[in-house]
4 protein chains.
Amino acid sequence: MEVKGLGSSEIREPRQQRSIEKKKRIIDVGFRLMCEKGYHNTNTAEIAKEAGVSTGIVYNYFTDKKDIFIAAVQSYNDNLIAPMYDRISKMDKRIDLAELIKELIGVFIQSHYISKEAHEEMLAMSHSDQDVAKLFLDFEINTGNNIVGLMKQNGIITENPSEKVYIAIGLIENLCHEIVYHKHQSMDYEIMTDEIVKIVVGMLAN
Amino acid sequence: MEVKGLGSSEIREPRQQRSIEKKKRIIDVGFRLMCEKGYHNTNTAEIAKEAGVSTGIVYNYFTDKKDIFIAAVQSYNDNLIAPMYDRISKMDKRIDLAELIKELIGVFIQSHYISKEAHEEMLAMSHSDQDVAKLFLDFEINTGNNIVGLMKQNGIITENPSEKVYIAIGLIENLCHEIVYHKHQSMDYEIMTDEIVKIVVGMLAN
Amino acid sequence: MEVKGLGSSEIREPRQQRSIEKKKRIIDVGFRLMCEKGYHNTNTAEIAKEAGVSTGIVYNYFTDKKDIFIAAVQSYNDNLIAPMYDRISKMDKRIDLAELIKELIGVFIQSHYISKEAHEEMLAMSHSDQDVAKLFLDFEINTGNNIVGLMKQNGIITENPSEKVYIAIGLIENLCHEIVYHKHQSMDYEIMTDEIVKIVVGMLAN
Amino acid sequence: MEVKGLGSSEIREPRQQRSIEKKKRIIDVGFRLMCEKGYHNTNTAEIAKEAGVSTGIVYNYFTDKKDIFIAAVQSYNDNLIAPMYDRISKMDKRIDLAELIKELIGVFIQSHYISKEAHEEMLAMSHSDQDVAKLFLDFEINTGNNIVGLMKQNGIITENPSEKVYIAIGLIENLCHEIVYHKHQSMDYEIMTDEIVKIVVGMLAN
DNA sequence: GATGAATGAGTCTTCATTCAT
DNA sequence: AATGAATGAAGACTCATTCAT
């Protein structure tokens with residue numbers, strides 16, 4: 001409808017160290033606030049203020065508020081999930097499966113201290129936003145495929161690996177969430193962990 | 001959390017049939033819209049309009065927008081989840097466990113066609129709202145306890161029933177969500193279902 | 001991209017007297033301010049304030065700021081231009097052509113005390129906005145056609161009436177603007193008027 | 001109207017060739033963009049970018065955005081209108097008046113391919129800005145005086161030359177605008193041109 | 001002179017909530 | 001009880017202008 005300048009609202013990828021740090025700060029603060037208070041209860045002015053920048057500069061680095069959220073979740077993925085795979089892939093391969101799963105759970109828990117909330121925000125946002133829905137799905141598929149790949153590399157052969165990995169990830173995520181936030185006071189996490197390890201080992205044995 | 005006013009804006013519990021239906025309509029429409037588009041993308045004017053009432057009257061029945069959401073989720077629980085337990089409790093007790101689980105999954109799927117989105121919205125909202133967080137937790141605990149109770153009534157005895165039921169519910173919810181929304185194109189749901197039935201049966205056998 | 005409610009942002013056509021007056025006040029104030037200071041230097045808060053309404057209510061009656069502008073120009077057309085045709089069509093038909101043109105100029109001047117600025121704002125806005133461009137063009141074509149029609153009714157027959165009317169309107173508009181704003185101090189308006197009457201009469205004689 | 005700062009932010013008149021070209025580029029780009037999209041839809045970052053300079057340097061040459069606009073219009077006047085007078089003054093004086101007017105129209109059209117939009121932007125801006133209003137008026141008066149002067153030099157003597165030239169310019173401008181943008185599909189430009197030539201010749205004959 | 005990152009006031013628009021009728 | 005017009009605070013985003021480098 002309106003004739004708008006195309007040059008003005010261009011998003012710059014910062015090249016200089018100062019700018020890169022600034023962008024990173026915006027992402028980190030945005031991620032934290034959105035996890036703490038939810039996407040809709042976090043406003044751009046607040047993000048800017050806590051990141052120590054002006055409201056305007058935010059829009060040099062991001063097209064809009066949603067873009068901060070997406071960048072934050074991706075950054076989370078890059079900085080926490082990806083290294084997680086590294087650690088998994090470096091685990092001693094002679095270890096037995098139960099130990100492997102346990103270590104895996106330990107690793108998941110570490111990266112879950114923040115992720116579950118981001119995860120839940122994404123789920124909620126994907127109801128109303130296709131970009132987030134896509135991001136979320138890609139993220140999930142990717143995680144699954146990576147795990148399946150790692151399993152093959154580690155000589156763990158099983159029928160229907162995709163389905164089983166999907167089930168296992170779901171199990172472990174639920175467990176981690178419960179352990180991290182321990183909302184159900186009466187639950188015994190050691191029992192739950194053992195049970196889940198048993199399930200996963202049993203499932204992968206077929 | 002909120003101190004309700006005692007003055008003129010007190011919330012009335014409708015006594016007359018017409019009013020009761022009106023309140024119910026608001027809840028139903030609110031629930032549907034919030035599931036479809038998310039809490040924050042649903043506005044009260046829209047709810048009122050689709051429910052066929054004035055915007056003002058909404059605030060005779062509910063203190064605020066959040067209250068509609070909470071009522072809607074509770075109503076969902078009462079109208080869909082609770083009957084689910086009924087149906088579960090009426091299932092033929094001589095049936096073998098695997099069949100029982102399968103039926104259970106079928107029942108869950110039916111009520112999941114709407115619930116998962118409400119569930120996700122609740123999760124997201126619980127980040128920023130303690131009332132919702134409490135509601136959500138109560139809801140979960142309740143479901144777990146009910147299932148444990150039903151199991152006892154059906155003579156299913158197992159160690160650590162709470163933990164196992166929690167795990168089983170998580171498994172089944174994930175499965176239902178996947179089947180209902182089938183976002184992962186490559187997954188074979190029959191395989192997943194069989195696998196999960198096997199897991200739950202195995203787990204409860206101990 | 002976002003799922004937005006369709007019910008919420010509906011524009012209501014006010015039915016009650018109070019509302020109709022309110023809408024009219026917004027249009028009038030908006031028109032005046034935009035003429036005085038230009039479209040871009042007039043903000044919606046100011047319009048609302050001067051119209052004695054809240055900023056929010058403006059958006060019950062208008063989709064956006066541009067809509068106020070368009071409504072204002074249309075209202076101007078309805079309230080000033082249209083009655084002008086009335087007066088023209090009621091002019092004594094036995095009058096000679098020169099007198100007719102003179103009266104016409106008089107009538108034009110009366111309605112030009114505001115219109116020229118609106119006209120110029122429209123011209124400027126039509127550079128960047130297609131809706132305004134369309135409105136403006138329709139407005140012009142309409143004026144021309146009406147005048148041609150009135151001429152026929154009054155028995156004024158000439159070759160190429162469209163072109164001549166277009167030329168005549170341009171002449172008269174320029175004259176009116178000059179007379180109303182008399183920016184060129186040295187101009188003698190009586191001479192200009194006589195000259196233009198002579199031109200139009202001469203042109204229509206062929 | 002504006003009090004220019006005497007401190008560090010003084011506007012420099014560029015002396016070096018490189019700088020002069022840079023300033024010229026800013027003016028040219030600014031003029032083009034403002035004509036295309038309107039003053040308010042053109043931002044300084046865009047002008048700078050298209051001119052191949054930094055946003056900061058713009059403010060070494062111009063006090064503010066409006067200053068670019070004014071410089072651009074003045075430059076337009078100097079570079080297009082002024083040469084137009086040259087060409088007019090070099091036209092063969094033995095030519096008859098009708099031919100002269102026709103050529104004049106041709107020359108006007110050439111410079112109108114851009115100017116009309118600038119003209120309209122100026123008109124609109126003069127509502128809110130006295131500097132522009134003044135510039136615009138001076139520009140008009142100047143054009144009129146120049147034409148009157150040229151007429152005298154060419155031996156064209158008439159009563160009330162100022163008024164007639166003003167009328168003639170208005171006529172020709174309208175015609176040019178119509179021919180250049182030909183928005184009224186049904187108009188026959190040849191007829192319009194002939195009619196206007198006839199009018200001007202007739203008017204100047206007295 | 002030159003850069004372009006940074007500022008932050010300003011603007012349009014939305015919407016939960018209230019209140020006169 | 002019911003209406004729906006009205007409120008006004010809040011928020012995302014823009015952009016002319018400045019300034020450290």
Side-chain angles (χ1 to χ4, degrees), chain A residues 4-5 8-9 12 14-16 18-19 22 40-49 52-66 68, chain B residues 8-9 12 14-16 18-19 22 40-49 53-66 68, chain C residues 4-5 8-9 12 14-16 18-19 22-23 40-48 53-66, chain D residues 8-9 12 14-16 18-19 22 40-49 53-66 68:
Chain A
K4 284 282 169 66
S8 59
S9 60
R12 308 163 204 255
R15 305 252 171 246
Q16 304 197 344
R18 284 271 304 273
S19 294
K22 207 167 277 194
H40 292 282
N41 294 304
T42 304
N43 65 51
T44 54
E46 195 181 3
I47 294 172
K49 195 176 179 184
V53 298
S54 67
T55 61
I57 203 64
V58 170
Y59 291 86
N60 275 9
Y61 300 131
F62 303 93
T63 52
D64 54 19
K65 185 183 169 188
K66 197 179 74 188
I68 303 175
Chain B
S8 62
S9 62
R12 307 163 203 252
R15 305 260 172 236
Q16 303 194 346
R18 285 270 304 273
S19 296
K22 212 170 271 195
H40 292 280
N41 293 308
T42 303
N43 64 53
T44 54
E46 197 183 358
I47 293 171
K49 194 180 179 184
V53 299
S54 67
T55 59
I57 204 67
V58 170
Y59 288 84
N60 278 6
Y61 300 132
F62 302 94
T63 51
D64 53 20
K65 186 185 170 186
K66 196 179 75 189
I68 303 174
Chain C
K4 284 284 170 64
S8 59
S9 60
R12 307 163 205 254
R15 305 250 171 248
Q16 303 195 346
R18 285 272 303 272
S19 294
K22 209 166 275 195
K23 179 166 186 177
H40 292 281
N41 294 304
T42 304
N43 65 50
T44 54
E46 195 181 3
I47 294 172
V53 298
S54 68
T55 60
I57 202 64
V58 170
Y59 290 85
N60 276 10
Y61 299 131
F62 303 93
T63 51
D64 55 18
K65 186 183 169 188
K66 197 179 76 187
Chain D
S8 61
S9 63
R12 307 163 204 252
R15 303 263 172 235
Q16 302 194 344
R18 285 270 303 272
S19 297
K22 212 171 269 195
H40 292 280
N41 294 307
T42 303
N43 64 53
T44 53
E46 197 183 359
I47 294 172
K49 194 179 179 185
V53 299
S54 68
T55 59
I57 203 66
V58 169
Y59 289 84
N60 278 5
Y61 299 132
F62 303 94
T63 51
D64 54 21
K65 186 184 170 186
K66 196 180 74 189
I68 304 174

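Each chain gets a letter, A, B and so on, in the order its sequence line appears, and its residues count up from 1. Since we're looking at a predicted model, the values are computed, not measured. Note: hydrogens, waters and symmetry copies are ignored here, and every other heavy atom, side chains too, is used.
Counting only heavy atoms from C-beta outward, the side chains of Ile47(A) and Thr42(A) approach each other to under 4.5 Å.
Of all heavy-atom pairs spanning Asn41(D) and Glu46(D), the tightest one is O-OE1, 4.3 Å.
Rounded to a whole Å, the CG atom of Asn41(C) is 12 Å from the P atom of dA16(F). Across the protein-nucleic acid pair, Lys66(D) atom NZ and dA16(F) atom C1' stand 13 Å apart, rounded to whole Å. One can place CG of Asp64(A) at 9 Å from C1' of dC13(F), the figure rounded to the nearest angstrom. For the pair Ile68(B) CD1 and dC15(E) C1', the computed distance is 13 Å after rounding to whole Å. Between Phe62(B) atom CZ and dA2(F) atom P the separation is 13 Å, expressed in whole Å. In this entry the distance linking OH of Tyr61(C) with P of dG4(F) reads 13 Å, nearest Å. Going from atom NZ of Lys65(C) over to atom C1' of dT14(F) covers 13 Å, rounded to whole Å. To the nearest angstrom, P of dA16(E) lies 15 Å from NZ of Lys49(B).
Comparing Gly56(D) and Val58(A) against DNA chain E, the residue whose closest nucleotide sits nearer the 5' end is Gly56(D).
Comparing atom distances between the Ser54(D) side chain and each of dA2(E), dA16(F), dT14(E) picks out dA2(E) as nearest. Minimum atom distance to the side chain of Lys22(C) is reached by dA6(F), of the listed dA6(F), dG1(E), dC12(E). Of all nucleotides listed (dA2(F), dT3(E), dT17(E)), dT3(E) comes nearest to the side chain of Ile57(D). The side chain of Tyr59(D) sits closest to dT17(F) out of dT13(E), dT17(F), dT17(E). Comparing dA6(E), dA16(E), dC12(E) by their nearest atom to the side chain of Asn43(C) picks out dC12(E).
At least one test fails for Lys65(C) against the ring of Tyr59(C): distance under 6.0 Å to the centre or angle within 45° of the axis.
The main-chain N or O of Ile57(D) is never found under 3.5 Å from a side-chain atom of Lys22(D) such that the two would form a donor-acceptor pair. Judged purely by atom type and a 3.5 angstrom limit, Lys49(D) has no side-chain atom pairing as donor or acceptor with the backbone of Thr55(D).
Pair assignment for dT11(E) gives dA12(F), based on Watson-Crick or G-U wobble hydrogen-bonding distances that are each under 3.5 Å. Base pairing annotation: dT7(F) forms a Watson-Crick or G-U wobble pair with dA16(E), both donor-acceptor distances under 3.5 Å. Pair check for dA2(E) finds dT21(F); Watson-Crick or G-U wobble, both atom distances under 3.5 Å.
Residue Thr55(B) places a side-chain atom within donor-acceptor reach of the base of dA5(F), judged by atom type and a 3.5 Å distance cut-off alone.
Residue contacts shown for Val53(C) are limited to sugar-phosphate atoms, with no base heavy atom under 4.0 Å away.
Between Thr44(A) and the phosphate of dC13(F), there is no side-chain N or O to OP1/OP2 separation shorter than 4.0 Å.
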